[in-house]
Amino acid sequence: MISDGMAEVLRLLQGDDGFDAAAAVAALAAGTLGVSGLTVSLATGGDRAELMWCTDEAAGSFEDLQFTLGEGPGPEAMRSGAMVLVPDLALVRPERWPALSVEAAGLAARAVFSFPMGIGAIRVGVLTLVRRTAGSLTDGQVADAQVLAHALTGRALGSTVPGPDGGALLHAVVHQATGMVSVQLDVSLPQALLRLRAHAYSSGRPLTDVSRDVVARRLRLDLNGNGNGNPSPVSDKD
Amino acid sequence: MAREQQLTQVFVEVADSLIDDFDLIDFLHRLSERCVELLDVAACGVLLADEHDVLQVLAASDENTRLLELFALQHDQGPCVDCYRSGRPRTNIDLTDPNISQAWPQFTPAALQSGFLSTNAIPMRLRGRVIGTLGLFQTRGNTLSEADTALAQALADVATIAILQQRTLAHSETERGQLQYALTSRIVLEQVKGILAERWQVTTDEAFAAFRAYARAHHHQLSHLARMIADGEFDTDQIPRTAPHR
């Protein structure tokens with residue numbers, strides 16, 4: 001169960017139209033999670049990432065450093081798809097992140113926790129929490145951070161296409177269709193999911209229904225007509 | 001095979017998995033198959049709660065998409081949700097009972113349509129917490145005895161232990177991290193089913209059969225091989241298109 005503080009963060013996140021409120025939301029999230037700062041980086045291909053959220057200089061410097069060096073909790077979480085929790089950087093074996101262990105000594109980050117953002121093999125980015133003092137997150141804070149990472153994933157993947165997916169991502173068929181469309185259109189998995197959602201939106205049908213049609217080969221998004229995957233102007237549904 | 005022999009086989013598999021680096025999804029799939037044999041049920045699925053407390057399918061006795069979808073329907077209604085919330089098993093639920101179809105209006109007709117007449121849900125427990133459920137379906141009107149239910153609970157506990165034991169990941173420090181990794185692996189597998197089905201122009205079920213046969217024959221972990229395929233780091237032409245007999 002998520003905390004009231006995180007519920008408020010998610011509510012603000014939903015109402016936020018882009019950039020104006022992001023700094024305030026990020027700061028509130030950091031407070032709720034009991035850390036000094038946090039960053040959100042979006043994957044831009046390979047191990048590279050672009051900073052989207054950054055609450056303060058200490059968190060930003062650490063994020064810069066680990067993505068410049070290509071090692072650390074953030075890059076590792078993004079690569080592996082699993083969270084990487086480091087309650088005390090001073091206790092990490094140097095061979096785990098050799099360059100980082102040298103460079104990070106001068107930074108004000110003592111505990112670092114990275115949560116991957118993504119859906120299966122789709123890697124969207126990483127949420128990294130930084131604290132000046134050593135110590136673990138509580139189980140509730142880990143759960144809160146996971147939920148935040150999940151919400152940020154949806155936002156990063158869906159920002160161009162409005163409309164809720166509901167519980168569509170629970171359905172195996174949506175992930176199967178994503179894989180199929182990526183081959184049909186020769187695009188990446190995240191782009192394939194976007195095209196599926198765009199088609200669902202423009203045809204006014206649930207994502208699961210569209211996905212079932214793709215998997216059953218009743219629909220191909222690479223054919224012209226209404227299956228071209230580009231959202232056509234939405235007709236008046238009244 | 002006698003039940004004792006089947007049980008012995010399960011224990012051998014479990015012991016193996018706890019020693020070696022093993023593939024969780026494949027292990028749970030095999031465990032689901034064993035549940036079907038041992039408990040004399042028609043289908044079995046392992047459902048795990050995600051960070052939103054929503055149940056997701058991790059593995060099933062039969063990988064066909066229809067069965068996976070039936071388990072997926074239990075994210076907000078059905079015996080598995082009740083069992084997850086209460087922490088108590090729900091056994092011998094008659095799907096033809098009008099009260100049941102009223103309580104679970106989407107789940108019940110879908111289950112009946114798949115030929116199932118009764119269902120059971122067994123909690124997967126971890127130190128006082130419930131992390132998921134084992135879902136069982138029967139096509140005949142047969143019931144689970146008390147002894148069957150106890151055995152089902154033992155198998156559910158084995159599934160829990162396996163999930164927490166997975167060593168595929170060097171740095172999974174927390175239980176939550178392990179649970180999340182398991183769920184992510186499942187999604188990667190579905191994405192890869194789609195990639196292979198489209199590349200080979202076969203159904204997703206056929207694609208998965210060929211994929212799994214190849215992974216097992218070459219001692220690849222399903223999850224690891226799936227990730228390599230999704231990342232374009234594995235030439236899928238190496239995989240024979242038709243599954244060798246299992």
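In the text below, chain A, chain B and the rest are named by the order of the sequence lines, each starting its count at 1. Because the structure is predicted, anything quoted here is derived from the model rather than measured.
- In this structure, CD1 on A:Ile2 lies 7.0 Å from NE2 on B:His52, to the nearest 0.5 angstrom.
- Residue contact with chain A, scored on non-hydrogen atoms closer than 4.5 Å, is absent for B:Gln74.
- The two atoms that bring B:Ala72 and A:His171 nearest to each other are CB-ND1, 4.1 Å, heavy atoms only.
- Contact of A:Asp144 with chain B is not made at all, since no heavy-atom distance falls under 4.5 Å.
- Nearest heavy-atom pair across B:Tyr181 and A:Ala82 is CD1-CB, 3.7 Å.
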Evaluation steps, side chain to side chain contact (heavy atoms under 4.5 Å, CB included), between B:Gln191 and A:Ile119: CA-CA 10 Å; B:Gln191 291 164 336; A:Ile119 301 171; 4.3 Å; yes
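- Within the 4.5 angstrom heavy-atom criterion, only side-chain atoms of B:Val54, from C-beta onward, approach chain A.
- Between A:Arg79 and B:Asp231, no side-chain nitrogen of the basic residue sits less than 4.0 Å from a carboxylate oxygen of the acidic one, so the salt-bridge criterion is not met.
- Using a 4.5 Å cut-off between heavy atoms, B:Thr203 touches chain A through its backbone atoms (N, CA, C, O) alone.
- Proximity to chain A is limited to the backbone of B:Leu55, based on heavy atoms less than 4.5 angstrom apart.
- Using a 4.5 Å cut-off between heavy atoms, B:Arg227 touches chain A through its side chain atoms alone.
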Step-by-step side chain to side chain contact (heavy atoms under 4.5 Å, CB included) determination, B:Thr204 to A:Val173: CA-CA 9 Å; B:Thr204 50; A:Val173 75; over 6 Å; no
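- Of the atoms belonging to A:Ala143, heavy atoms from both backbone and side chain fall under 4.5 Å from chain B.
- Proximity to chain B (any heavy atom under 4.5 Å) is restricted, for A:Val215, to the side chain, taken from C-beta onward.
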